[in-house]
Amino acid sequence: MCRVPSPVRSPNGRSVLLCAFVGTLFAVSAVDAQQLAQGPFDRMVIRNVTLIDGTAAPPVFPVDIAIEGNQIVDVVVVGDDFGRIDAALRPAAGTFELDGTGMYVMPGFINAHAHINTASGRASLPVAYDYYLRLGHGQTMILDAGSGNGLAWTTAQRDSSDRRQIIAPRIEAYVRPGRRGIFSFGKQITTPEIAREWVRAVAAAGADGLKLQGEAPVLTAAFIDEAHKHGLLTTMHLRQSGVTRMNIVDAARLGLDHQQHWYGLAESMLADATVPDWPADYNQNNEYQRFSESGRFFMQAVEPGSEKWNAVLDELVSLGFTIVPTMAVYEDSRNFMFVRRAEWHDEYSSQGFLDYWIPDPEHHGSLQFYWTTKDETNWYRFFISWQRFLNDFKNRGGRVVTGADEGSGYTLPGFTYIREFELLQQAGFHPLEVIRAATMHAAEALGKADQLGTVEPGKLADLVVVDANPLENFKVLYGTGAIKFDPETRTVQRVGGIKYTIKDGVVFDTQALLAEVRRMVAESKQVAASEGDAP
């Protein structure tokens, strides 16, 4: 017996039991997969919602949305602003209907910097744990930045998701040069000719894009040029070892499509030098030192609003550049105790993650060996300048896109992505601009604007449905919801939590997905406790 999530009704008002999710689902859940996902349907209609369409246009109500298979076919305002419905305007009935009264609908969220966690990785749980957390927070597409589980594995997961054989977001497979375990090439990339050969090989292997890391400029130019010839996009985490030869403006001039994080940005605007003021005893391989010193970089840059600041902004905008800041993954540097004791760790962070995050020089991002008030103060100031730049860039017409890079520094898939929304709002973005960064602008940046990113006829049916207003409070998008005091009952309640994530016309019951996550986490902690491994 399958279960249809409430409030779903057939046209005659009775509950329906429809189990149309097709494909072979991996057996990792304690519940039948059809309790988690249903569809696509011949015709699905979502009735009486408030629409936030992804373009940064103001919300509109009441709206009906008709979907056939995996495509949006009609988006209609069906009444006046007092909610009076004109039946003559409503789309024809569907075989599956969802009463969206009191709910808000947005395009599916796109995470432009993710790393898929598997049982052999940091999470130490099946990959469904990662996917359920993401879908439970509205992510319908992720960019796997580096394909760290191997390009063949990532493209196989992507294809299985596209065929609806697994419960997972859409996946874009970006691959890094020079990682033999990720993509076996058999040659060391030492010349532009070999770089171009490598790009042709990864294109033939099915990659969607390249994640560059600040290789020599002559190699970077070859990677980017050849990638574009094969329809691959390019993004970059510009390593400190590469920034001495090429800052992010230099990379953008070569045709780089996206910047990940902040690396190379402050270094494009240094006031009195061409390299940061690294101390004499600096060791790039020491992650504590690397991140504590990085907190000083924006203090070495020119003043916001200065001539050089504005010149960098204007050139990046003119080049059509995209920034994926991933602020949330650096919040441990600004406020370590906040991220370490975030309320979702108790029920949603696996024992594998909790063990990995304990400071350890062998674990990337687990670097707070003795994180000081001075370190946090430097990063607090870093964030002020960084967020000012992002807001100025956006206001000049630059494209800023949401990404989260979850998995290190007490960052958790799904939850940390929503935290990125809050940090963009802190930077000065209007909530509608934040949602645009997660939807329309993200789709544009990944070359998917013809299919995704907005709610309009002809687009694929990737949607997020929430029963509280995200423009009022992004916290309602967290799986834990938001805390709200009810003056009538004199009680504190949890409100929000995404109700449905719709991907490719398939309706996911997000609360059921998150319940499965809680079950997996509880079991992982029980096993660790029985083995004496829990801290």
Side-chain angles (χ1 to χ4, degrees), residues 113 115 122 145-146 148 176-182 188-190 195 210-220 223 235-251 254 256 258-301 323-327 329-334 336 356-372 374-383 385-386 403 405 407-411:
H113 191 124
H115 297 284
R122 300 173 188 178
R176 286 179 280 190
R179 298 295 185 98
R180 294 178 183 175
I182 294 173
Q188 187 175 358
I189 303 173
T190 56
L210 310 184
K211 182 190 178 185
L212 305 177
Q213 294 190 290
E215 292 79 8
V218 66
L219 298 180
T220 298
F223 284 134
T235 196
M236 181 181 284
H237 169 164
L238 180 50
R239 295 176 298 190
Q240 297 303 141
S241 58
V243 78
T244 57
R245 293 188 287 183
M246 174 178 59
N247 61 40
I248 204 63
V249 174
D250 297 325
L254 294 176
L256 181 71
H258 320 139
Q259 179 199 34
Q260 298 287 344
H261 313 309
W262 51 268
Y263 301 100
L265 185 56
E267 296 91 329
S268 301
M269 302 180 291
L270 293 175
D272 300 313
T274 61
V275 298
D277 181 25
W278 289 304
D281 64 348
Y282 182 81
N283 177 7
Q284 177 67 19
N285 199 40
N286 181 319
E287 285 213 335
Y288 166 75
Q289 197 172 35
R290 170 187 165 195
F291 282 95
S292 63
E293 288 298 325
S294 295
R296 301 171 50 239
F297 285 2
F298 261 105
M299 288 186 279
Q300 299 169 47
I323 297 177
V324 188
T326 70
M327 285 180 283
V329 80
Y330 297 100
E331 201 167 19
D332 62 329
S333 297
R334 184 176 72 157
F336 178 55
Y356 185 91
W357 293 330
I358 295 170
D360 186 333
E362 299 297 320
H363 295 170
H364 172 54
S366 304
L367 55 94
Q368 279 80 14
F369 308 135
Y370 187 56
W371 202 245
T372 68
K374 181 180 179 180
D375 293 327
E376 289 197 353
T377 300
N378 288 342
W379 271 93
Y380 173 81
R381 294 171 178 166
F382 183 111
F383 262 70
S385 294
W386 187 18
D405 192 18
S408 62
Y410 289 91
T411 58

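All values below were derived from every heavy atom in this structure, side-chain atoms included, with hydrogens, water molecules and symmetry-related copies excluded.
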K.L.:
Under a 4.5 Å cut-off applied to non-hydrogen side-chain atoms, are Leu238 and Gln259 in contact?
P.N.:
no
K.L.:
Answer yes or no: does atom CG of Asp281 have more than 12 heavy-atom neighbours from other residues, nucleotides or ligands under 6.0 Å?
P.N.:
yes
K.L.:
Once you round to the nearest 0.5 Å, how far does CG of Leu212 lie from CE of Met236?
P.N.:
5.0 Å
K.L.:
For the residue pair Ile323 and Pro325, what are the closest heavy atoms and their distance?
P.N.:
O-CD, 3.4 Å
K.L.:
I would like to know whether Phe336 and Tyr410 meet side-chain contact (heavy atoms from CB on, under 4.5 Å); could you show each step before the answer?
P.N.:
CA-CA 9 Å; Phe336 178 55; Tyr410 289 91; 3.8 Å; yes
K.L.:
Is the shortest heavy-atom distance from the side chain of Asp405 to the side chain of Gln260 under 4.5 Å?
P.N.:
no
K.L.:
On a heavy-atom basis, which atom in Pro177 and which in Ile189 lie closest, and how many Å separate them?
P.N.:
CB-CD1, 4.1 Å
K.L.:
Do Tyr288 and Tyr370 have side-chain heavy atoms sitting under 4.5 Å apart?
P.N.:
no
K.L.:
Identify the heavy atoms of Leu270 and Phe297 that sit nearest to each other, and give their distance.
P.N.:
CD2-O, 4.4 Å
K.L.:
Would you say that Gln240 contacts Tyr263 through its side chain, given a criterion of any heavy-atom pair below 4.5 Å between the two side chains?
P.N.:
yes
K.L.:
First locate atom CG of Asn286, then atom CZ of Phe369, and finally report the distance between them rounded to the nearest 0.5 Å.
P.N.:
6.5 Å
K.L.:
Looking at Arg296, I'd like to know if its CZ atom is crowded, meaning that more than 12 non-hydrogen atoms belonging to other residues, nucleotides or ligands lie closer than 6.0 Å.
P.N.:
yes
K.L.:
Look at the side chain of Thr235 and the backbone N and O of Lys211, then say whether any donor-acceptor pair between them is shorter than 3.5 Å.
P.N.:
no
K.L.:
Run the numbers on Tyr282 and Arg290 for side-chain contact (heavy atoms from CB on, under 4.5 Å), then give the verdict.
P.N.:
CA-CA 8 Å; Tyr282 182 81; Arg290 170 187 165 195; 3.8 Å; yes
K.L.:
Hey, what do you get for CG (Leu367) to OG (Ser292), rounding to the nearest 0.5 Å?
P.N.:
8.5 Å
K.L.:
Taking the side chain as C-beta and beyond, is there a heavy-atom pair between Glu287 and Gln289 under 4.5 Å?
P.N.:
no
K.L.:
Could you grab the distance from atom CH2 of Trp371 to atom CZ of Phe291, nearest 0.5 Å is fine?
P.N.:
8.0 Å
K.L.:
Which heavy atom in Gly146 sits nearest to a heavy atom in Arg176, and how many Å separate them?
P.N.:
CA-NE, 3.8 Å
K.L.:
Look at the side chain of Asn378 and the backbone N and O of Asp375, then say whether any donor-acceptor pair between them is shorter than 3.5 Å.
P.N.:
no
K.L.:
For a 4.5 angstrom cut-off between non-hydrogen side-chain atoms, does His261 reach His113?
P.N.:
yes
K.L.:
At their closest point, which heavy atom of Ala301 faces which heavy atom of Ala266, and how far apart are they?
P.N.:
CB-O, 4.1 Å
K.L.:
If we ignore hydrogens and angles and just use 3.5 Å, is the side chain of Ser385 paired with the main-chain N or O of Phe382 as donor and acceptor?
P.N.:
no
K.L.:
Provide the closest heavy-atom pair for Ala145 versus His115 in the form atom of the first, atom of the second, distance.
P.N.:
O-CE1, 2.8 Å
K.L.:
If I take atom OG1 from residue Thr220 and atom CG from residue Leu256, how far apart are they, to the nearest 0.5 angstrom?
P.N.:
8.5 Å
K.L.:
Answer whether the closest heavy-atom distance between the side chains of Pro279 and Glu293 falls below 4.5 Å.
P.N.:
yes
K.L.:
Spell out, as yes or no, whether a donor-acceptor pair under 3.5 Å connects the side chain of Ser366 to the backbone of Tyr356.
P.N.:
yes
K.L.:
Does any N or O in the side chain of Trp357 come within less than 3.5 Å of the main-chain N or O of Gly407, such that one atom is a donor and the other an acceptor?
P.N.:
yes
K.L.:
Look only at the side chain of Gln300 and the backbone of Asp277, and say whether a donor-acceptor pair between them is shorter than 3.5 Å.
P.N.:
yes
K.L.:
State, with a plain yes or no, whether a side-chain heavy atom of Glu267 is found less than 4.5 Å away from one of Met269.
P.N.:
no
K.L.:
If you round to the nearest 0.5 Å, how far is CG of Asp360 from CD of Gln368?
P.N.:
12.5 Å
